[in-house]
Amino acid sequence: MKAWQRKGSLGGPRIKAVMEAHEVQILHALVSNIVDMLEQRRDSAPRDDLAELTGMRSGHSALPDQAPLARLLPDFHRPEPGKDHDPDALAVTRAHNSGMRMIHEPEIIDAKLSTAVVVLRSLPARGGTGSLTPEQAQAWMGCLNDVRLGLGALLLDVGAVDGVPATAVAEFVPADVPRSAPLEVYRGLTFMQDSLCTALMGQ
């Protein structure tokens, strides 16, 4: 795709870029995968009596098993690597992370889903010029970051030899994309996010 550019208009500034049909298809599929994972995580959260009485939602208490979700919903605090840690201190850290996750994860998931919805609704359906308000562009920034984190976690977790990804990576990317493409998709997402940030800054 071409770089995002900031354009003036009677209705205020717009952020625009021309996207090819296959780029729209890939981005739509990647964002939809993120949405599916987040919705499954949200819907599988345990229900408790306090939540029923107060209306306060409670999230999971444990880190997700899936690498992309673990990257999108990390622990609030992680011990510094490479150091010996007191077992009691580690237990306190685990309890802290568990409690914070139960309280805040539902809101974090909601925020990520809301940015994803903005992207899915504002994608040019069959390619062409994408045109965003600054507010929509901010949502795109957050969602593109989530997609990059999700795909990057898989690439780091399972590795890629000579550009050929393992099955988990291939399943994250649309089926009709060549198996050697996920690294290129990741680079494309990085370019998209970088140029969008530049356009938002007015440069």
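Predicted, not measured: the structure shown is a model, and the values here were computed from it.
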For this session: Would you check if there is a donor-acceptor pair between the side chains of S44 and H60 at a distance under 3.5 Å?
Result: yes
For this session: Could you please spell out the steps behind the side chain to side chain contact (heavy atoms under 4.5 Å, CB included) verdict for M100 and E105?
Result: CA-CA 8 Å; M100 293 290 285; E105 188 176 278; over 6 Å; no
Problem set entry | Heavy-atom side-chain contact between R187 and L183 under 4.5 Å | yes
For this session: Could you check if a side-chain atom of P68 sits within less than 4.5 angstrom of a side-chain atom of L154, using non-hydrogen atoms only?
Result: yes
Exercise. Are F191 and V24 connected in a single hydrophobic cluster, I mean Ile/Leu/Val/Met/Phe/Trp/Tyr linked by side-chain heavy atoms less than 4.5 Å apart?
Worked result: yes
Exercise. Which atom names give the shortest non-hydrogen contact between L73 and L63, and what distance separates them?
Worked result: O-CD1, 3.5 Å
Problem set entry | Minimal non-hydrogen separation, A21 against R126, with atom names | CB-O, 3.6 Å
Exercise. What closest approach, in Å, do K16 and S131 show between heavy atoms, and which atom pair accounts for it?
Worked result: CE-OG, 3.5 Å
For this session: Using a 4.5 Å cut-off on heavy atoms from C-beta on, say whether the side chain of D146 contacts that of L38.
Result: no
Problem set entry | Smallest separation among heavy atoms of A153 and A67, with atom names | CB-O, 3.6 Å
Exercise. Is there a donor-acceptor pair under 3.5 Å between the side chain of Q40 and the backbone N or O of M37?
Worked result: no
Exercise. Atom SG of C143 and atom CG of L27: how far apart are they, to the nearest 0.5 Å?
Worked result: 7.0 Å
Problem set entry | Separation of L132 CG from K7 NZ (nearest 0.5 Å) | 14.0 Å
Seminar exercise, completed: d(C197 SG, L144 CG) to nearest 0.5 Å is 11.0 Å
For this session: Evaluate the side-chain proximity of D75 to R94: yes if any heavy-atom separation is below 4.5 Å, no if none is.
Result: no
For this session: Look at the side-chain heavy atoms of Ile, Leu, Val, Met, Phe, Trp and Tyr, link any pair under 4.5 Å apart, and say whether M102 and I108 land in one connected group.
Result: no
For this session: Under the side chain to side chain contact (heavy atoms under 4.5 Å, CB included) rule, what do H28 and V119 come out as? Steps first, then yes or no, please.
Result: CA-CA 8 Å; H28 188 282; V119 173; over 6 Å; no
Problem set entry | Nearest atoms (heavy-atom pairs only) where S58 meets P106 | C-CG, 3.9 Å
For this session: Starting from the C-alpha separation in whole Å, work towards a yes-or-no answer on side chain to side chain contact (heavy atoms under 4.5 Å, CB included) for V117 and R121.
Result: CA-CA 6 Å; V117 167; R121 289 179 176 174; 3.4 Å; yes
Exercise. Could you give the distance from CG (L149) to CG (L69), rounded to the nearest 0.5 Å?
Worked result: 11.5 Å
Exercise. If you measure from NZ on K2 to OG on S195, what distance do you get to the nearest 0.5 Å?
Worked result: 13.0 Å
For this session: For E23 and E20, indicate whether the former's side chain and the latter's backbone hold a donor-acceptor pair under 3.5 Å.
Result: yes
Exercise. Is the shortest heavy-atom distance from the side chain of R41 to the side chain of Q66 under 4.5 Å?
Worked result: no
For this session: Please confirm whether the backbone N or O of V118 pairs with a side-chain atom of S122, one donor and one acceptor, at under 3.5 Å?
Result: yes
For this session: Kindly indicate whether the side chain of Y186, heavy atoms from C-beta on, has any atom under 4.5 Å from the side chain of V147.
Result: no
Exercise. With no hydrogens and no angle check, do the side chains of R148 and T190 hold a donor and an acceptor under 3.5 Å apart?
Worked result: yes
Exercise. Between the side chains of S61 and R101, is a donor N or O closer than 3.5 angstrom to an acceptor N or O?
Worked result: no
Problem set entry | Whether over 12 other heavy atoms sit under 6.0 Å from D65 CG | no
Exercise. Under a 4.0 Å N-O cut-off, is there an ion pair linking E107 with R57?
Worked result: no
Problem set entry | Any donor-acceptor pair under 3.5 Å from N97 side chain to F76 backbone | yes
Exercise. Which atoms form the tightest heavy-atom contact between L200 and P134, and what is the distance?
Worked result: CD2-O, 3.9 Å
Exercise. Going through the checks in order, is the side chain to side chain contact (heavy atoms under 4.5 Å, CB included) test met by S32 and L120?
Worked result: CA-CA 8 Å; S32 296; L120 293 175; 4.0 Å; yes
Problem set entry | Hydrophobic cluster membership, V18 vs L196, 4.5 Å side-chain cutoff | no
Exercise. Say you draw a straight line from CG of L72 to CD1 of I34; how long is it, rounded to the nearest 0.5 Å?
Worked result: 5.0 Å
